[in-house]
Amino acid sequence: VSTALIIMRVSVCLVLTVFCLIAFISQADAKKGGKGGKGGKGGKAGPSGKSGKGGKGGKGSQSSGFGGAPPSKGKGKGKGKGKGGKSSEESSEETGTPNTNSGSCTCDVASLTADVLAGVATTIADLTSQLATVNTQIRELEEPDVFSCKRMSGYSDESAPVSYTACDVEQPSGLVDLDSGKFTVQKDGVYRLTFTARMSAMNGQIVRADMYVNDVLVGRSSANLDTSDSTTILDLETTNTLDMNYELKAGDEVYVMLNYVGTMSLIQSSMNYQIFFTGEWIRAL
């Protein structure tokens with residue numbers, strides 16, 4: 001869903017940018033319009049050095065561009081100081097005042113177009129980066145690190161982590177060392193960790209399965225009989241599961257150790273698969 005929204009956002013942005021660019025260019029062309037007509041020639045000099053009457057202004061040219069202005073009429077009042085009066089265009093050039101009659105635009109269309117396109121390129125680059133991030137997040141959710149390993153025989157060694165026979169699921173491969181029983185984290189995140197075993201507390205004693213992260217105890221599952229009858233010796237067999245969520249960093253090691261009282265307690269399994277160690281990446285930190 002997030003990918004579809006990003007793609008839709010990119011498409012809308014491109015359409016709006018092209019539309020604005022076309023409108024801007026059309027507006028710039030419209031401002032150019034047709035050139036105003038030249039002023040008429042000044043009248044002849046009047047008597048005693050007085051200025052004569054200016055000639056009639058010429059007719060403005062038609063606009064040929066899109067959105068062009070209507071034809072402008074030349075203003076032809078010439079000052080007759082012995083010579084013909086000058087047109088409005090010539091006068092504006094000499095005095096330095098802008099000629100507002102032509103309707104022309106001095107905008108640098110090429111430069112403005114380049115600026116707009118540069119802005120569009122920046123926006124597209126940002127959206128492309130966001131899309132790549134979303135794709136990475138989706139890939140992590142679709143392909144999380146996950147494993148499920150099993151042991152097919154009993155275990156009672158308190159001096160070493162529980163080891164395993166095989167893994168039914170291990171993606172990517174190499175997450176769990178079967179001999180050492182340790183899961184080595186490949187990427188940071190919140191993980192769901194479980195350990196399930198058939199636990200046998202013999203002669204009224206207790207057996208515990210402790211989960212460690214880098215030699216630090218983080219969880220415990222236990223089985224024992226709580227009885228005050230010291231004359232009756234009872235054995236307990238039950239299947240217990242330790243299930244927890246835990247934040248892990250790349251390089252962390254997770255494993256399970258046994259801890260029990262007495263000499264006969266243990267965890268049991270067989271070809272019916274009664275000991276499991278599982279882990280699954282849930283989300284990023």
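Worth saying up front: this structure is predicted, and the values here are computed from it rather than measured. Values below: every heavy atom of this structure, side chains too, minus hydrogens, waters and symmetry copies.
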Participant: With sequence neighbours left out, write down each residue that passes salt bridge (Lys or Arg N to Asp or Glu O under 4.0 Å) with Arg208, or none if nothing qualifies.
Facilitator: none
Participant: Please, which pairs that meet ring pair (Phe, Tyr, Trp, His ring centres under 6.0 Å) have at least one residue in residues 161-186, sequence neighbours excluded?
Facilitator: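 Counting only pairs at least two positions apart or across chains, the ring pair (Phe, Tyr, Trp, His ring centres under 6.0 Å) contacts touching residues 161-186 are Phe147-Phe183, Tyr164-Phe277, Phe183-Tyr191.
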Participant: In this structure, would Val162 and Leu178 fall into the same cluster of hydrophobic residues linked by side-chain contacts under 4.5 Å?
Facilitator: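 Yes, same cluster.
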Participant: Given 3.5 Å as the limit, does a donor-acceptor pair link the side chain of Arg198 with the main chain of Ile275, or not?
Facilitator: no
Participant: Going by atom types only, do Ser200 and Gln268 share a side-chain donor-acceptor pair under 3.5 Å?
Facilitator: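 Indeed, the side chains of Ser200 and Gln268 share at least one donor-acceptor pair under 3.5 Å.
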Participant: So with a 6.0 Å cut-off around CZ of Arg283, is the heavy-atom count from everything else above 12?
Facilitator: no
Participant: With a 4.0 Å cut-off on N to O distance, would you call Lys182 and Asp177 a salt bridge?
Facilitator: no
Participant: Is it true that Leu248 and Leu242 fall in one hydrophobic cluster, defined by side-chain heavy atoms closer than 4.5 Å?
Facilitator: yes
Participant: How many angstroms lie between CG in Asp145 and CD in Gln171, if you round to the nearest 0.5 Å?
Facilitator: 9.0 Å
Participant: Please lay out, stage by stage, how Phe195 and Leu193 fare under the test side-chain contact (heavy atoms from CB on, under 4.5 Å).
Facilitator: CA-CA 7 Å; Phe195 180 78; Leu193 303 168; over 6 Å; no
Participant: So does Lys249 get a backbone contact from the side chain of Asp252, meaning a donor-acceptor N/O pair under 3.5 Å?
Facilitator: yes
Participant: Would you say the side-chain atoms of Thr184 pair up with the backbone N or O of Gly251, donor to acceptor, closer than 3.5 Å?
Facilitator: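 Not a single qualifying donor-acceptor pair exists.
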Participant: Using atom types as modelled and distance alone, determine if a side-chain donor or acceptor of Trp281 lies under 3.5 Å from a backbone N or O of Glu143.
Facilitator: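 Answer holds: no.
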Participant: Quick one: closest heavy-atom pair of Tyr212 and Leu217, and the distance?
Facilitator: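 Where Tyr212 meets Leu217 most closely, the heavy atoms are CD2-N, 3.4 Å.
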Participant: Out of curiosity, Ser222 OG to Asn224 CG, how far, rounded to the nearest 0.5 Å?
Facilitator: 5.5 Å
Participant: State whether the side chain of Thr241 and the backbone N or O of Asp243 hold a donor-acceptor pair below 3.5 Å, judged by distance alone.
Facilitator: no
Participant: What heavy-atom pair brings Val176 and Cys167 nearest, and what distance separates the two atoms?
Facilitator: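 Scanning both residues completely, I find the closest heavy atoms to be CB-SG, 4.4 Å.
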Participant: Specify the closest pair of heavy atoms between Val207 and Ser265, including all atoms of both residues, with the distance to one decimal.
Facilitator: CB-CB, 4.0 Å
Participant: Drop me the distance from Leu131's CG to Ile138's CD1, to the nearest 0.5 angstrom.
Facilitator: 8.5 Å
Participant: What distance do Ser148 atom OG and Phe276 atom CZ have between them, rounded to the nearest 0.5 Å?
Facilitator: 6.0 Å
Participant: Compare every heavy atom of Met199 with every heavy atom of Ser221, then report the nearest pair and how far apart it is.
Facilitator: O-CE, 3.7 Å
Participant: Listed by chain and number, what are the salt bridge (Lys or Arg N to Asp or Glu O under 4.0 Å) partners of Glu158, not counting sequence neighbours?
Facilitator: none
Participant: Please enumerate all residues that pass side-chain contact (heavy atoms from CB on, under 4.5 Å) together with Val218, with sequence neighbours excluded.
Facilitator: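 side-chain contact (heavy atoms from CB on, under 4.5 Å) check on Val218 returns Met211, Val213, Met244, Tyr246.
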Participant: Quick check for you: to the nearest 0.5 Å, what is the distance between Met257 atom CE and Ser159 atom OG?
Facilitator: 6.5 Å
Participant: Does Gln130 use its side chain to pair, donor to acceptor, with the backbone of Val134 at less than 3.5 Å?
Facilitator: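 Not at all, since once roles are kept as given, no pair shorter than 3.5 Å links the two residues.
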Participant: With a 4.5 Å limit on heavy-atom distance, are the side chains of Ile267 and Leu258 in contact?
Facilitator: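 When only atoms from C-beta onward are counted, Leu258 and Ile267 do touch, with a gap below 4.5 Å.
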Participant: Is the count of non-hydrogen atoms from other residues, nucleotides or ligands lying under 6.0 Å from Glu247 atom CD greater than 12?
Facilitator: no
Participant: Please answer whether the main-chain N or O of Val109 pairs with a side-chain N or O of Thr113 as donor and acceptor at a distance below 3.5 Å.
Facilitator: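 Indeed, once roles are kept as given, a pair shorter than 3.5 Å links the two residues.
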Participant: Output, in order, the C-alpha distance, side-chain angles, deciding distance and verdict of side-chain contact (heavy atoms from CB on, under 4.5 Å) for Leu175 and Gln186.
Facilitator: CA-CA 7 Å; Leu175 291 177; Gln186 301 297 315; 3.2 Å; yes
Participant: Without swapping roles, check the side chain of Tyr260 against the backbone of Ser156 for a donor-acceptor pair under 3.5 Å.
Facilitator: yes
Participant: Would the distance check show the side chain of Thr165 and the main-chain N or O of Met152 forming a donor-acceptor pair, the cut-off being under 3.5 Å?
Facilitator: yes
Participant: With distance as the sole criterion, is a donor-acceptor pair present between the side chains of Thr194 and Thr278 under 3.5 Å?
Facilitator: yes
Participant: According to side-chain contact (heavy atoms from CB on, under 4.5 Å), who are the partners of Thr238, at least two apart in sequence or on a separate chain?
Facilitator: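 Testing Thr238 for side-chain contact (heavy atoms from CB on, under 4.5 Å), a comparison that skips the adjacent residues, returns Ala223, Leu236, Asn240.
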Participant: Is a side-chain donor or acceptor of Glu280 paired with a backbone partner of Pro144 at a separation under 3.5 angstrom?
Facilitator: no
Participant: To the nearest 0.5 Å, what is the distance between OG1 on Thr196 and OH on Tyr273?
Facilitator: 16.0 Å
Participant: Working note: Val256 + Asp210, criterion side-chain contact (heavy atoms from CB on, under 4.5 Å); need CA distance, chi angles, decisive distance, verdict.
Facilitator: CA-CA 5 Å; Val256 176; Asp210 296 337; 5.9 Å; no
Participant: Taking side-chain contact (heavy atoms from CB on, under 4.5 Å) as the test, write out the residues that go with Ala160, two or more places apart.
Facilitator: Tyr155, Asp157
